[in-house]
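Below is one structure, written out as structure tokens; comments come after it.
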Amino acid sequence: MEGGSLTMSKKERSRLVVVSRVKEKQMTIKEASELLGISYRQCQRIYKRYIEEGDKGLLHRNRGRPSNRKKPAEVTERVLALYRERYWDFGPTLAAEKLVERDGYEIDHETLRRWLLAAGLWKGQRKRPKHRKWRERKAHFGELVQMDGSHHTWFDGQEDRACLMDMVDDATGRTLALMSQEETTVAAMRVLWAWVERYGIPKALYVDGKNVYITQREPTLEEQLSGELPLTQFGRVCKKLGIEILPASSPQAKGRVERKHGVYQDRWVKELRLAGIRDIERANPFLGKFVESINMKFAVEPRSPADFHRPLPQGMDLSSVFCLEEERTVGNDWMVRYKSRFFQIVSQSNLPPAKRRVTVQEHLDGSIHMVYRDREVVFTEIKELLQKLPIPHQKQEILAPRRKYIPPPTHPWRRFTLQSTRRKEPALT
């Protein structure tokens with residue numbers, strides 16, 4: 001606390017919202033502990049400190065202090081060096097056992113696993129699928145929302161398939177849908193945006209393993225140094241909103257949204273035919289009323305009345321959250337190139353840019369925005385440079401082959417050559 005203000009982390013701000021609901025009797029401490037993912041006793045202690053100290057009581061007590069159980073940096077470096085040298089193909093559990101038996105380093109296997117992940121020496125392995133069993137619905141609205149795309153021939157008389165992006169709440173079966181040409185990142189962002197505006201930010205999303213939601217690529221050097229996992233554009237949006245992404249191992253695991261696909265493929269196709277709609281542009285405005293009728297007919301009440309949706313943070317602009325972001329290099333002349341387009345940033349000072357990277361945001365409406373050093377900057381597009389650049393794959397003009405020039409007999413070069421030849425001829429005797 002400095003100057004009468006509190007500096008809180010994202011986790012602490014989230015706790016503040018939840019415990020304030022407990023104080024206002026909107027939910028119980030038990031429900032708050034489930035929403036925060038902590039034990040009941042820990043939630044009691046947090047709530048007690050909040051009542052006694054106010055917002056300050058939610059700050060972590062160990063902020064700014066190193067852990068008493070942290071291993072020295074020399075031990076970490078030595079263990080990682082031994083792993084690279086001897087145990088490079090060992091799993092963390094077996095490597096931890098060998099480090100104790102052969103080298104005398106007593107390291108817990110989970111600690112070693114974190115070290116290896118941070119150093120890029122280990123990649124989490126997918127577990128074998130377990131025996132499936134019936135799972136009870138979640139107790140709270142917004143605790144888990146399933147999301148998937150349904151590819152189907154939606155329009156009567158057309159063979160082309162389109163995609164219906166569908167979100168279904170696990171506790172209530174309440175659904176929200178949006179039609180798109182394909183199951184793309186933009187389509188997933190649009191349907192999640194609509195859900196957040198209507199109900200709030202859900203706690204978790206249950207999705208399949210498509211590269212729209214989860215990426216299998218190797219982490220970049222910057223991600224390895226910062227200890228972050230690779231994220232898709234959609235995963236980055238969920239991280240900003242604090243939504244946990246849970247991957248499903250099979251279509252049967254997210255059965256509620258799969259069964260809802262069957263409802264849409266049966267009823268929505270008939271509704272479109274009756275309304276004479278045969279394109280996505282006309283279908284989406286008509287879809288909202290149909291979704292409300294589906295919810296009134298099939299949605300159920302949750303077991304608990306507490307809503308696990310979180311309100312939007314004050315001042316958050318969703319258009320800057322639901323967008324495509326890429327890092328670009330800033331030149332000394334404050335010039336940025338993005339998708340073969342050139343942008344001139346209004347100079348922030350008379351000196352070259354101190355930070356060479358800028359975040360380019362492409363909003364869903366197609367507009368371009370740039371964030372430099374955590375604030376949006378003003379820029380203009382320069383189209384003259386684009387006109388001077390060669391267009392990729394452009395067919396070059398085919399010119400006729402140049403004919404070889406043969407000098408005529410009267411050319412000075414021929415006379416000079418003839419005289420030189422005569423001088424070299426030997427005299428006849």
Side-chain angles (χ1 to χ4, degrees), residues 8-62 110 127 130 132-148 167-176 192 195-207 213-214 229 235 237-249 253-257 260 295 299-314 316:
M8 305 183 74
S9 65
K10 186 176 181 180
K11 178 179 178 181
E12 291 164 350
R13 292 197 302 269
S14 177
R15 288 185 173 184
L16 176 61
V17 174
V18 175
V19 295
S20 62
R21 287 185 180 182
V22 176
K23 185 178 180 181
E24 295 172 2
K25 307 299 183 183
Q26 295 182 1
M27 65 169 55
T28 64
I29 294 181
K30 182 178 179 181
E31 293 170 341
S33 65
E34 294 179 6
L35 179 58
L36 295 174
I38 59 179
S39 65
Y40 177 78
R41 294 185 61 188
Q42 177 67 6
C43 190
Q44 278 186 318
R45 288 190 289 266
I46 292 175
Y47 182 68
K48 182 179 179 181
R49 290 202 304 265
Y50 172 71
I51 295 299
E52 294 177 351
E53 304 178 22
D55 296 353
K56 181 181 178 182
L58 299 178
L59 300 181
H60 199 282
R61 304 304 196 199
N62 290 332
E110 287 299 328
K127 297 181 180 180
K130 298 180 180 180
R132 300 188 186 95
K133 61 179 181 179
W134 178 81
R135 178 180 60 82
E136 188 179 12
R137 290 178 180 268
K138 296 295 184 181
H140 306 86
F141 180 44
E143 185 175 357
L144 179 67
V145 179
Q146 300 184 15
M147 184 176 186
D148 193 24
M167 295 181 66
V168 180
D169 179 65
D170 190 82
T172 63
R174 184 174 293 274
T175 180
L176 191 146
L192 179 58
W195 184 282
V196 170
E197 283 187 332
R198 180 170 298 185
Y199 302 114
I201 303 174
K203 180 183 178 184
L205 281 180
Y206 202 39
V207 298
Y213 312 107
I214 300 172
L229 295 177
V237 170
C238 292
K239 183 179 179 181
K240 282 186 175 182
L241 296 174
I243 302 174
E244 182 182 5
I245 294 182
L246 302 176
S249 57
K254 46 185 180 63
R256 308 215 188 280
V257 69
K260 196 68 69 173
N295 289 333
V300 298
E301 291 295 327
R303 297 199 309 271
S304 173
D307 188 353
F308 268 25
H309 285 98
R310 289 176 287 109
L312 286 174
Q314 188 175 4
M316 174 177 283

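Atom set for the values below is all heavy atoms of this structure, side chains included, hydrogens, waters and symmetry mates excluded. Just so you know, residue 1 is the first one in the sequence shown, and it goes up from there. Computed from a predicted structure; not experimentally measured.
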Under 3.5 Å: donor-acceptor pair, side chain of [X], backbone of [Y]:
X	Y	value
Glu143	Lys138	no
Glu31	Thr28	yes
Arg137	Arg303	no
Ser20	Leu16	yes
Arg310	Val17	no

Between [atom1] of [X] and [atom2] of [Y], what distance do you get to the nearest 0.5 Å?
X	Y	atom1	atom2	value
Met27	His140	CE	NE2	7.0 Å
Leu36	Ile29	CG	CD1	11.5 Å
Arg15	Ile38	CZ	CD1	5.0 Å
Leu176	Asn295	CG	CG	8.0 Å
Cys238	Lys240	SG	NZ	12.0 Å
Leu58	Lys11	CG	NZ	11.5 Å

Counting neighbours of [atom1] on [X] that are heavy atoms of other residues, nucleotides or ligands and sit closer than 6.0 Å, is the number greater than 12?
X	atom1	value
Lys239	NZ	no
Lys30	NZ	no
Glu301	CD	no

Taking the side chain as every heavy atom from C-beta outward, state whether [X] and [Y] have any atom pair closer than 4.5 Å.
X	Y	answer
Leu241	Met316	yes
Val18	Tyr50	no
Trp195	Val145	yes
Asp170	Gln146	yes

Residues Asp148, Lys260; criterion side chain to side chain contact (heavy atoms under 4.5 Å, CB included); working and verdict: CA-CA 10 Å; Asp148 193 24; Lys260 196 68 69 173; over 6 Å; no

Test side chain to side chain contact (heavy atoms under 4.5 Å, CB included) applied to Met147 and Tyr213, step by step: CA-CA 10 Å; Met147 184 176 186; Tyr213 312 107; 4.3 Å; yes

Electrostatic pair Asp169:Arg174 at N-O distance under 4.0 angstrom: no

Heavy-atom closest contact ([X] atom, [Y] atom, distance):
X	Y	value
Pro311	Ile201	O-CD1, 4.1 Å
Ala171	Ala139	CB-C, 4.2 Å
Met167	Leu205	CE-CD2, 3.8 Å
Ser33	Ser39	CB-O, 3.7 Å
Gly235	Ile245	CA-CD1, 3.9 Å
Val196	Pro202	CG2-CD, 4.4 Å

Short side-chain donor-acceptor distance under 3.5 Å, Arg41 and Gln44: no

All ring pair (Phe, Tyr, Trp, His ring centres under 6.0 Å) counterparts of Phe141, not counting sequence neighbours: Tyr199, His309

